[in-house]
Amino acid sequence: MTDDIQVWMKVAAFVGGGMAMGFGAIGAAIGEGYTASKANEAIARNPQLSGDLFKTMLVGQAIAETASIFALIIAMLLLFSNFSHTSPLLIATFLAAGLCMGLGAIGSGIGSGLPTAEACIGIERQPQMKNRITTIMLAGSAIAQSPAIFALVTSLILLFIDFTGKPVSPTWAAILGAGLASGLGAIGSGIGEGLVAKSGCEGIARQPAGATRTTNVMLLGMAVTETTAIYGLLIACILIFKNFPAAESIAASMALLGAGLCMGIGAIGPGIGEGFAGQSAVKWIARNEEGTATLTRSMLVGQAVAESTGIYALVISLILIFVA
Amino acid sequence: MEQIKHIQKKYGSLAILLALGAGLGLFVLGFKPVGKGLILGTIFSIVNFILMAESLPSRIGTTRKKATIFSFLWIIIRYGLLAVPIAISLKLSQFNLWGTVVGLFMIQMVILADGIISQVYFSTRKKNSTENLLWKN
């Protein structure tokens, strides 16, 4: 029996590692490719700036790649670590850690590429503002990485916390649910934050005089967009740290797995939707100084409404954990 | 390509200087494996950053199919290379894993720090005549 568990632990570590790197490569590759496509567009329009544009593209791509390096680290930990003890719960842990990091890197990879791409276009059209645009691009790309950092933190907690003494059922489902909540929950926010940051870069290039107000609203919009990823992290933490009593029935396990799935999937749409609201507000605030207060209010209301579906998912997840 | 070389030199040298400084400090404080891991990770982070740009000329001026295959292989090589220090630190106790992981992000940290410094510089500098800058359509 112990030998069987050891074999399945190895299988789970290999599958988890594969999923971490496989899924984790998707977002960064899309983000970097999109950046390169916009850099090409900018270079074609203004070949004299090719040096500056190559530079911006390269620096932005290096940041966009961060999420996939997180995935690489988790994959390597799963493939090469020697785990001292044998437990059936470790099978769920390895799968959950791999899934969480792989899925969690998708949104941030794509999101980080968006401001970099727009920065290339902005620098081509407004070369005098290249330093300011690059700074905003870096800030936007870095903040868009935070959902992937949440996923990394969840994966590391899953790998290093000791579940010994906890009942196999329903803890296995809580572990998998935690990975799914945090990993899936990071996708929407990562993309949404990238959309807001993209508009910030465009706005500063188009209207340099309004750089401060554009930056402020961009940061506000990104902060609100991130909340759904925080819900995912919250549910993941509850699932990991709460002690669940042993349960013979599969229903208890399914409730916990359902809670993770509900929060993870439920956070994707609101994250992207809030990103759209922020993107549009930042874009028009850059062009219309007088409308800053009204547009900021409209953005916040729009984001709050878009977020309500994420809150419904959060409520249902909490009911599944504490009531079902 | 001169500007690319310049930026590689700038961020690469800053990253290694930072890693050596921090590594030395960690050696003195008795955290030898952490320092070694940090320096190891940083070296691979710099090599990865250099390789990111090195393939650009080879991809330009070739067929789309060849460029796609080359880019894909290049990505595998780069990620394979980044996996080496993690594998080393997992297998050898002389290198601390977390030090290595921090080192792997040294280039990104230097880029971001440079961005923050530029931001501070721009916010404290006298407001220039940004009103006269025109968006080129």
Side-chain angles (χ1 to χ4, degrees), chain A residues 21 25 28-29 32-33 36 45-46 50-66 68-73 75-77 79-82 122 124-129 131-132 134-139 141-142 145 152 202 204-212 215 287, chain B residues 1-8 10-11 41 45 48-49 52-53 56 59-60 71-72 75-76 78-80 82-91 97-98 100-101 104-105 107-123 127-137:
Chain A
M21 196 61 249
E32 289 176 276
R45 287 168 64 114
N46 198 345
S50 62
D52 278 333
L53 293 167
F54 265 137
K55 195 176 92 178
T56 308
M57 180 186 87
L58 185 68
V59 168
Q61 285 181 327
I63 301 290
E65 200 167 274
T66 310
S68 65
I69 300 177
F70 292 158
L72 178 76
I73 291 165
M76 292 298 288
L77 278 175
L79 299 182
F80 289 100
S81 286
N82 292 318
E124 181 265 311
R125 293 187 181 181
Q126 199 71 271
Q128 300 95 318
M129 286 298 287
N131 289 330
R132 190 72 194 254
T134 306
T135 307
I136 294 302
M137 171 197 88
L138 289 173
S141 295
Q145 293 293 338
L152 176 73
E202 192 229 334
I204 287 166
R206 191 176 274 274
Q207 192 52 267
T212 308
T215 309
R287 290 163 168 80
Chain B
M1 293 308 283
E2 264 316 298
Q3 271 164 301
I4 303 260
K5 288 250 179 307
H6 168 73
I7 202 154
Q8 283 176 336
K10 177 185 164 188
Y11 288 142
S45 172
N48 177 50
F49 186 59
M52 269 178 95
L56 284 174
R59 275 183 273 177
I60 298 167
S71 303
F72 183 68
I75 287 172
I76 294 174
R78 285 201 296 113
Y79 278 91
L82 285 180
V84 172
I86 306 174
I88 292 174
S89 59
L90 281 167
K91 293 286 168 199
L97 174 69
W98 304 113
T100 310
V101 168
L104 278 179
F105 293 104
I107 283 285
Q108 280 88 345
M109 287 193 277
V110 166
I111 290 172
L112 288 175
D114 187 50
I116 292 165
I117 292 164
S118 309
Q119 174 69 41
V120 172
Y121 170 71
F122 279 108
S123 59
K127 196 184 169 192
N128 57 13
S129 55
T130 47
E131 289 81 2
N132 300 327
L133 298 175
L134 292 173
W135 173 264
K136 284 165 66 186
N137 280 310

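Residue numbers start from 1 in every chain, and the chains themselves are labelled A, B, ... in the order their sequence lines are given, proteins ahead of strands.
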Heavy-atom pairs under 4.5 Å with chain B, option from Ala29(A), Ser68(A), Ala142(A), Ser50(A) with the top count:
Ser68(A)
Hey, can you pull the donor-acceptor pairs under 3.5 Å for the side chains in residues 54-61 of chain A, sequence neighbours left out?
from: Thr56(A); atom 1: OG1; to: Asp52(A); atom 2: O; distance (Å): 2.8
from: Gln61(A); atom 1: NE2; to: Glu32(A); atom 2: O; distance (Å): 3.0

When rounded to the nearest 0.5 angstrom, what distance separates OH in Tyr79(B) from CE in Met76(A)?
14.0 Å
Contact between Leu90(B) and Leu79(A) at the side-chain level, heavy atoms closer than 4.5 Å - yes or no?
no
By a 4.5 Å heavy-atom criterion (distance strictly below it), what part of Leu82(B) contacts chain A: side chain, backbone, both, or neither?
both
Could you tell me which portion of Thr66(A) (side chain, backbone, both or neither) has an atom closer than 4.5 angstrom to a non-hydrogen atom of chain B?
both
Going from OG on Ser81(A) to CG on Leu97(B), what distance comes out if it is rounded to the nearest 0.5 angstrom?
7.0 Å
Ala139(A): which residues meet the side chain to side chain contact (heavy atoms under 4.5 Å, CB included) condition with it, sequence neighbours left out?
none
Using every non-hydrogen atom in the two residues, find where Leu72(A) and Ala83(B) come nearest and quote the distance to one decimal.
CD2-N, 3.9 Å
Could you tell me if the side chain of Gln145(A) sits less than 4.5 Å from the side chain of Gln108(B), heavy atoms only?
no
Interface moiety of Met137(A) toward chain B, non-hydrogen atoms closer than 4.5 Å:
neither
Distance, nearest 0.5 Å, that separates CD1 of Ile69(A) from CD1 of Ile107(B)
10.5 Å
State the CD1-CG distance between Ile63(A) and Leu112(B), to the nearest 0.5 angstrom.
4.0 Å
